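Input: a single structure, listed below in structure tokens.
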Amino acid sequence: MILNKEPNPLHIFDIKRVIHPPPHFEYVNVPLKYNLEESLNKWIDNHLKNRYFIGRNVSLDKDN
């Protein structure tokens with residue numbers, strides 16, 4: 001597994017994870033399971049370079 005080894009200013013200044021999602025971000029709904037949010041956060045920090053948002057929301061399906 002190759003991890004991002006170059007220093008990233010976003011990570012150094014602890015601004016890689018944003019507090020509120022801007023409208024231009026891509027969105028993916030993932031069913032919440034035990035420890036999934038923490039695992040996704042660690043994976044993104046280790047493998048990706050850019051800013052991201054992880055949060056919880058309420059959504060309706062076709063059965064309401």
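Because only heavy atoms are used, hydrogens play no part in the values below, and waters and symmetry mates are left out as well, while side chains stay in. Since the model is a prediction, treat every value here as computed from it, not as a measurement.
Atoms CD1 and CG, from Ile54 and Leu36 in turn, are 8.5 Å apart once rounded to the nearest 0.5 Å.
Here the side chain of Asn41 pairs no donor or acceptor atom with the backbone of Glu37 at under 3.5 angstrom. Of the possible donor and acceptor atoms, none in the side chain of Arg17 sits under 3.5 Å from a partner among the backbone N and O of Arg51. In this structure, the side chain of Lys16 does not engage the main chain of Tyr52 through any donor-acceptor pair within 3.5 Å.
With hydrophobic clusters built from ILVMFWY side chains whose heavy atoms lie under 4.5 angstrom apart, Val30 does not share a cluster with Val58. When hydrophobic clusters are built by joining Ile, Leu, Val, Met, Phe, Trp and Tyr residues whose side-chain heavy atoms come closer than 4.5 Å, directly or via intermediates, Tyr34 is not grouped with Trp43. Cluster membership check: Leu40 shares its hydrophobic cluster with Val28, using side-chain heavy-atom separations under 4.5 Å among Ile, Leu, Val, Met, Phe, Trp and Tyr.
The neighbour count for Asp14 CG, taken as heavy atoms of other residues, nucleotides or ligands under 6.0 Å away, does not exceed 12.
Residues Asn29 and Tyr27 form no side-chain contact, since every pair of their non-hydrogen atoms from C-beta on lies 4.5 Å or further apart.
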